[in-house]
Structure formats: structure tokens, C-alpha cells
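Below is one structure, written out as C-alpha cells; the observations come after it.
Below, read A as the first sequence line, B as the second, and so on, with proteins coming before strands; counting in each chain starts at 1.
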Amino acid sequence: MLSFAARRLLLAVPVLLGVVFVVMLTIDLLPGDAVTLMLGEHATKDAVAALREHLGLDKPFLVRYLDYVGRLLRGDLGRSIQQNRPVVAELADAWPATLELTVAALAVATAVGIAAGVVSAVWPNSLFDAAARLASLFGLSMPIFWTGLVLMVVFSLWLNWLPVGGAGSLSHLVLPAVTLALPSVAMISRMSRSAVLDVLGEDYVRTARAKGVGELWVLGKHALRNAFIPILTLLGLQSGQLMGGAVLTETVFSWPGLGRLIVKAIFARDYVLLQGAVLVFALAFVVVNLLVDLSYGLLDPRVARQG
Amino acid sequence: MRTLAARLLITLLVLGLTAALVPAADAQKRGGTLTIVRPTDPVSLDPNLETTAPGAWVYFNLLEGLLTLDETMQIKPVLATSYEVLSPTKVRFKLRPGVKFHDGTPFNAAAVKFTFDRALRGNPPARWASLAGSLSGAEVVDDLTVDIVTREPYGPILRTLAMYCMGIVSPTAVQKMGADFSRAPVGTGPFRFVEWKTNTHVIIERSPDYWGDRALVDRVVFRVVPEEGARMIALQTGDADMVLFPSPAQLQALRRDPKYTVHETTGLRVVFAGLHAGLPPLDDVRVRQALLHAVDRKAILDNIMEGSAGPARGVLAPGVFGYKDMQLDRLYPFDRARAKALLAQAGWVPGADGILQKSGQRLSLSWLAARGRYPKDGEITEAIQAMLKDVGVEAKVQILEWAAVFQQVRGNPFNHHLFTLGWVTSNADADYSLYPLFHSKQVPPTGWNTSRYANPKVDALVEQARRSLNQTEREKLYGEVQDILAKEMVWIPVYTTKEIIVTRAAVKGFSIHPVEYNLGLWKTWVDK
């Protein structure tokens with residue numbers, strides 16, 4: 001198991017280098033550059049050239065890439081172009097907020113999604129099932145920035161229950177976490193429903209029922225444990241979705257996280273800062289998926305024996 | 001005794017009357033917090049690293065320069081008490097005695113020199129160095145006297161020193177804090193820095209030992225709320241007292257609502273459709289004048305801008321020193337018949353497809369514009385395109401991303417007849433616009449004469465005005481330049497931007513400034 005984890009982590013290195021390359025190339029291909037944006041449109045040609053040289057932006061793309069990777073391998077994330085602040089400091093300010101938000105959203109999505117899915121599977125084609133299906137469709141189709149504003153109008157402006165935005169207390173977390181969770185709730189509940197339905201049709205479930213095992217025990221011990229494997233895979237993928245969705249949610253709710261940092265870096269064409277933030281996301285995604293793979297073994301002893 | 005009593009009575013009466021007549025002064029309340037929501041976090045709170053609004057809004061309250069511009073755009077002394085022009089390249093300033101920085105360091109001539117040395121000789125130089133023209137530095141004369149020196153005679157020097165980014169910094173703090181200074185600046189202003197939580201808020205508080213009238217509120221919280229809709233909701237729930245960049249669509253309703261105050265004033269940016277005078281057929285002044293007659297500028301203001309912008313009466317905004325009303329509405333009223341007559345004089349006759357033509361050539365113009373760089377820039381471009389069609393002129397509009405437009409207009413040669421642009425007179429001095437935009441040597445990439453306008457008379461006038469330190473003379477010279485430009489029109493000026501800020505009605509004493517960066521909050525108070 002440990003060697004499996006170590007191998008997977010080692011494999012993450014080329015993945016991360018690839019991510020760095022793509023990010024760098026994308027920002028290089030975008031029109032506009034950091035220096036023009038910093039000095040404004042009235043800057044003299046000489047001032048632009050001098051600052052570009054000072055920041056090393058006059059060097060060719062490949063040189064800058066190798067330069068960056070070289071420093072990265074020595075553990076140096078560099079200083080942000082626009083603010084001249086260590087990228088590590090920027091990330092340290094931002095990542096706890098994003099972690100808090102995505103974990104909360106994942107918790108909401110998992111709890112509500114699985115519960116709704118299981119109930120739908122136990123009473124398929126009931127009124128609840130139909131309502132859940134409709135709600136899922138809604139949750140999946142509505143863009144985050146729209147649901148976010150609607151929730152804000154209802155719960156902050158009309159009911160005055162929750163703050164409009166910002167971070168600090170648990171009450172600040174509720175709206176952004178729910179908004180971010182909504183599309184994932186929909187995905188997870190649909191997936192749980194079909195997984196549980198599949199399992200409930202299996203022979204071993206029929207056998208268990210025939211033995212006279214209580215329905216709750218059948219569901220909890222036999223059905224859910226097996227149904228959980230595809231759900232777990234989905235959770236791993238959803239964590240990536242949530243991190244992506246955090247960019248929008250953080251903007252709507254003024255949440256001071258990595259998503260906002262990424263938006264800021266893109267607008268300023270600050271590739272050093274952008275790299276740092278994207279690396280954190282990529283690393284988190286790699287780790288989450290590793291954890292998911294490892295936990296298959298906990299649910300299914302056969303996987304553990306093979307590993 | 002009686003007389004004394006009578007005197008007392010009269011005194012009391014007078015005092016009572018005064019109190020009744022000036023309730024505002026008496027009702028002023030100290031204390032409380034003013035919460036401001038705005039779209040973005042600062043880049044930095046050090047003018048050396050940040051000249052854009054998010055940082056400037058904060059540091060304008062923390063740092064002070066030698067001079068400033070008040071709300072009526074007059075130069076007012078701040079850390080200087082008086083000045084005297086010694087020579088065309090040297091101005092001597094007497095400094096305010098007894099002023100201390102927030103860290104206790106005394107303010108003096110050495111601090112002024114330190115600030116300008118750091119900004120102009122640093123590597124890289126300050127972000128505002130490009131805005132400061134010929135400014136070359138400061139020389140200490142004695143503890144409270146300093147000479148500001150320019151490389152060559154530079155008329156706009158006073159307005160340059162009055163810019164929002166010219167705040168004097170505490171040398172001790174800069175030396176002690178190093179790079180951290182940009183996140184916790186130390187100046188002499190009416191507020192001092194408290195805390196900056198990245199992407200959450202910046203907090204500043206009243207400086208207890210300010211040299212002048214102390215600020216009224218205890219503290220100001222600048223919160224970051226990127227979403228426009230969320231900013232407006234924060235104002236409505238009372239989470240915010242003041243909204244910067246309010247939603248334009250809601251302004252009409254807010255103006256009518258007694259719970260809010262919409263503060264607005266004409267800004268310093270003119271948005272225009274530029275004409276390339278070097279590219280036929282726009283090299284013919286009659287054609288350019290015809291285009292001005294063809295455009296209904298009032299309809300654009302009323303129907304597209306809907307009260308969010310003011311009329312453009314010339315190439316400069318009214319708040320700029322040297323501005324002269326170019327009388328465009330009188331010289332070029334919206335009149336299709338006159339437009340057609342002028343085009344006919346220039347030899348353009350109606351063609352088969354409704355577009356004018358001359359010796360087989362159709363009157364077709366290419367137009368480069370961006371969408372979203374300036375308020376409604378795409379919409380006004382399309383509106384003018386339709387208006388030109390009404391007089392038989394075809395405009396082929398190409399709308400590109402701003403960065404791509406920027407690259408082209410800064411390039412040479414430039415092969416579009418028209419271009420939609422905006423220009424803000426950053427230091428509020430006509431030199432900043434008339435010189436780089438209309439001097440014949442300022443064709444890109446050197447300057448911004450995208451119109452390729454060339455008139456030796458104008459060249460001589462803007463040069464003379466730049467070199468003069470006699471402000472009355474300069475104003476006259478700029479007037480002459482604008483008179484000439486009014487005859488030869490190489491722009492279709494469309495509108496002047498407005499600065500708009502919305503507050504709750506309980507926010508008092510705030511006055512909006514034509515320069516968007518000059519967000520002075522020391523006279524503002526909250527009637528809670």
C-alpha cells in the first residue's frame with residue numbers, strides 16, 4: 001500500500017510539470033502583457049521596456065519556462081509579478097479559505113446527495129423520486145453565479161438571516177458552501193440512486209432478504225457498502241469540480257480564497273502567481289484521487305489484496 | 001449691569017441664530033465606522049507600485065503630497081505652505097512645520113528628497129514615473145525648504161506634484177520595513193494604516209495627532225466585493241455604507257430613493273471616435289467636418305449613456321486646467337443636410353447603392369474598436385456607424401479585444417480611418433492631453449497622435465505652453481490650440497465620463513472628486 005502511494009506521488013511530478021507548461025503557454029498566448037497592464041496605457045516605451053527587462057519578461061518563452069521549473073525544483077515559487085510579493089505568502093493567505101469552502105461544500109454535497117439518492121432508490125418512481133430528479137436537473141443547469149445571487153437576495157436581503165459575503169464566521173460559510181455544493185448534490189444523488197438500485201437487484205441482496213435479514217440491515221450492510229464504490233469515484237472527480245466552481249463562488253460571495261487569486265493573476269497576466277495557485281489545485285486534485293484509490297481497499301477487501 | 005445683561009442676551013441670541021443657520025456644522029458626529037465596498041483588492045498601498053484606483057483609494061487617505069487638487073480642481077497646499085518659481089526648471093517650496101509621520105518621524109525636506117529619490121532613481125523606477133513628465137527630483141535647501149527640479153522647463157509641474165500618487169513617505173518606515181512597506185504604508189495623512197487582509201478588507205483609522213482637522217469617523221473599512229450585484233445588495237442590507245462602481249442599471253431607481261444618495265460629478269476622461277487625418281478621404285477637412293454634422297451626439301447621451309456620462313464639449317474634460325469649451329454644438333450641430341452639402345463640396349456624389357462615391361470609389365471607412373474598455377464603447381460605435389450610413393457613408397466596424405486594439409493603435413502604420421478610444425488627463429493639466437495627442441512628432445509608438453494630426457502652429461503652441469511656468473499664459477496658449485482643433489476636428493468627441501459613488505443617506509459630508517483616485521474621507525461622517 002505504501003509503495004503504491006509513493007509510486008503514485010512520484011507519477012504526479014510529470015503531471016505537475018505538464019500543468020506548469022500548459023499554464024505558462026496559455027498566458028503567453030493571451031493578448032496583453034503584465035507590464036503594459038501595470039504601467040497603464042500612458043507609459044512611455046522606455047519605461048515598459050525597462051520594467052519588462054527587470055522582471056525577465058523579455059526572455060524567450062522556453063528560457064522562462066526552464067527558469068521557472070528550475071526554481072520550482074529547488075522549492076522556490078518566486079515572487080508575484082504585479083505585487084512583488086512572495087507567491088508562498090499569497091498562497092498561505094488564500095488556501096485555508098478555499099479548503100474550508102470546498103470541504104464544507106463536499107460535506108453538504110455528500111450528505112444531502114447520498115441521502116436523497118438512497119431514498120429515491122428505495123422508493124423508485126415515487127413522488128420524492130420525481131421531485132429529487134427535478135431538483136437535480138435544476139441544480140445542474142443553473143450557473144453558480146446566478147444561484148449564488150438568488151440565494152443572497154432571499155437569505156440576506158429579504159430574510160436578513162445570513163451575511164451578504166465575506167469570510168469570518170460559520171454564518172458566512174453557509175451560502176457559499178450551499179451554492180457551490182448544489183451541482184454536486186445533483187450529480188451525487190443521481191449516481192447514488194442508480195448505484196443503490198443496481199445493487200438492490202443483485203442476487204446477494206435477494207439472498208439476504210430471503211434469509212429474513214431486516215430491510216435496514218440489507219440496505220446498510222449489503223447494499224450501501226457495494227454501492228459506495230462508484231459513488232466514491234464520483235466524489236473524487238467532484239472534488240475537482242468543486243475546486244473549479246470555487247473560482248465563481250468565491251467571486252460572488254467575496255470569499256478570500258485561491259479562486260479569487262487565480263482570477264486576479266489572470267487579469268494581471270501574472271504567470272508566476274497563477275502557476276503557484278494552479279499548482280496548489282493540481283496537487284490537491286492528485287492527493288484527493290490518491291486518497292480515493294486507497295480507500296477502495298477499505299470498502300472492498302479484494303482491491304486491497306490485489307494492491 | 002443692564003447693558004451687560006442686554007449684551008449677554010444679544011450674544012446668546014446671535015449664538016442661537018448661528019446655530020440655527022448652520023445646523024450641518026453642529027450636527028456633525030464623530031466616531032463610528034464607514035464601510036466601503038469596491039470590486040478589487042489593491043495591488044499595493046505604495047504609490048511606487050500602484051497607480052490604479054484600488055490602491056489609490058486607500059493611500060490617498062494615508063499619504064499626503066506637497067500639493068493637492070480640491071473638488072473644484074484648484075491647487076491647494078498640503079504639506080507645503082507656499083511655493084515660488086525660482087527658474088523655469090526649479091520651484092521652491094516652504095514646508096509645513098511641526099508635521100510628524102504616523103510612526104513619529106518628523107516630516108522635513110529630507111523626507112521629500114527621500115521620497116522622490118526612491119521613486120525616480122529606484123530600480124525599477126516608480127510606476128508613476130511615466131506620468132511625471134520632466135520631474136527629476138528634490139534638493140534640500142534647509143530643514144523646511146525644498147527645491148523641486150525638472151530636467152527642462154515644465155509648465156505642468158504644479159499639477160504633477162498635486163497628483164494623488166505623489167504622497168511623501170516616512171523614510172524611517174521605508175528603511176525599517178523594506179518590501180513590507182507596500183502593505184502597510186506610513187505617511188502624514190488624516191488616517192493611519194491598521195490592517196490589510198488580502199482579498200477581504202483594508203482597515204484604516206483616524207490619526208489622533210493629525211496636524212490639521214482630524215477625521216470624523218473612527219475607522220474606514222474597505223471591503224472587497226467583486227460581484228456588482230452583491231455590492232448593491234450589501235448597500236441595501238446595510239452591510240455597506242458606500243459603494244464604489246455601483247451598478248449603472250440601478251442608478252435611476254437609487255436617485256429617487258430617499259434612503260440613498262447618489263454622488264456624481266464630471267470626470268476627466270473623454271471618450272471619442274478618432275479620425276485618421278493622414279488617410280484619404282479623411283485628409284480632407286470637409287469630410288471630417290461632415291462626419292461631425294452627421295452624428296447626433298445628444299441622442300447618444302440620452303439613449304445609450306442614460307445619464308451615466310456628460311456631454312463632451314471638446315477634446316478635454318471641463319475639470320482639466322487649460323480646458324476651453326470648443327463650442328461643438330454650435331459649430332457642428334446635428335444636421336444631415338449640412339453633412340451632405342460638405343461631402344458634395346468635397347466631390348462625393350450619391351452612388352447606386354446609397355453610399356456616396358467619387359470617381360468610382362465608394363465612401364467606405366474602416367473602424368477599429370473594442371467592447372467593454374470604456375462604458376458603452378461598442379454601443380456608441382454601432383450607433384455612429386448607423387448615423388453615418390444615413391448620410392451615405394459606410395463604416396466597416398471591426399470590434400476586437402482591447403489588448404489587440406491597443407497593440408494596433410500603438411503601432412505604426414495604422415490603417416483604420418476611425419478608432420474608438422478614451423483619454424484621461426491624469427495630471428489634470430492640458431499638456432498631458434494636447435501634447436501627446438496632437439503634436440506632429442507624437443505619432444505612435446512615441447506618443448498618442450493616432451490621428452496623425454500635423455499642424456506646425458499647434459506644435460509651436462503646445463511646446464511653448466509646456467515650457468512656460470506662467471499659468472495665465474499657458475491657459476491662453478491652450479485656448480488657442482483648442483480653437484484651431486475646433487476648426488480642423490480630428491475627433492468626434494462623444495462623452496465625458498462621470499464619477500459616480502452611492503452612499504446610504506446617513507453618510508454625510510462626503511464630496512465626490514472629479515479624479516476617481518482622490519477619495520478623501522476625512523470630512524465624511526455617519527449619522528447612525
Trp491(B): what forms a ring-ring contact (aromatic ring centres under 6.0 Å, His included) with it, not counting sequence neighbours? Phe272(B), Phe438(B)

Look only at the side chain of Tyr164(B) and the backbone of Thr51(B), and say whether a donor-acceptor pair between them is shorter than 3.5 Å. yes

Crowding at CG, Leu170(A) (>12 non-hydrogen neighbours, <6.0 Å): no

Any salt bridge between Lys259(B) and Asp257(B), counting N to O under 4.0 Å? yes

Counting only heavy atoms closer than 4.5 Å, note whether Arg223(B) contacts chain A via side chain, backbone, both or neither. side chain

Report yes or no: is the cationic atom of Arg231(B) (NZ for Lys, CZ for Arg) under 6.0 Å from the centre of the six-membered ring of Phe245(B), at an angle within 45° of the ring normal? no

Which atoms of Pro125(B) are under 4.5 Å from chain A, going by heavy atoms: the side chain, the backbone, both sets, or neither? neither

Given heavy-atom pairs under 4.5 angstrom as the criterion, report whether the side chain, backbone, both or neither of Ala230(B) touches chain A. both

Can you tell whether the side chains of Glu90(A) and Arg85(A) come within less than 4.0 Å, N to carboxylate O? yes

Of the backbone (N, CA, C, O) and the side chain (C-beta and beyond), which part of Val37(B) lies under 4.5 Å from a heavy atom of chain A, both, or neither? neither

According to ring-ring contact (aromatic ring centres under 6.0 Å, His included), who are the partners of Phe60(B), at least two apart in sequence or on a separate chain? Trp522(B)

I need the residue from Glu50(B), Gln236(B), Arg183(B), His201(B) with the largest number of non-hydrogen atom pairs under 4.5 Å to chain A. Arg183(B)

Under 3.5 Å donor-acceptor pairs involving side-chain atoms of residues 55-73 of chain A, not counting sequence neighbours:
| residue | atom | partner | partner atom | Å |
| --- | --- | --- | --- | --- |
| Arg64(A) | NE | Lys59(A) | O | 3.2 |
| Arg64(A) | NH2 | Asp28(A) | OD1 | 2.8 |
| Tyr65(A) | OH | Leu17(A) | O | 3.2 |

Looking at chain A, which one of Asp180(B), Asp46(B), Val424(B), Thr446(B) has the largest number of heavy-atom pairs inside 4.5 Å, strictly under? Val424(B)

Can you confirm whether the side chains of Arg79(A) and Asn84(A) place a donor and an acceptor under 3.5 Å from each other? yes

Tell me, for Thr40(B) versus chain A, whether the close heavy atoms (under 4.5 Å) come from the side chain, the backbone, both or neither. neither

Does the Gln82(A) side chain pair with the main chain of Asp270(A), one donor and one acceptor, at a distance under 3.5 Å? no

Report, in residue-number order, which members of residues 139-156 of chain A are under 4.5 Å from chain B by heavy-atom distance. Leu149(A), Met152(A), Val153(A), Ser156(A)

Could you have a look at Ile233(B), Val225(B), Thr200(B) and say which one has the most heavy-atom pairs with chain A under 4.5 angstrom? Ile233(B)

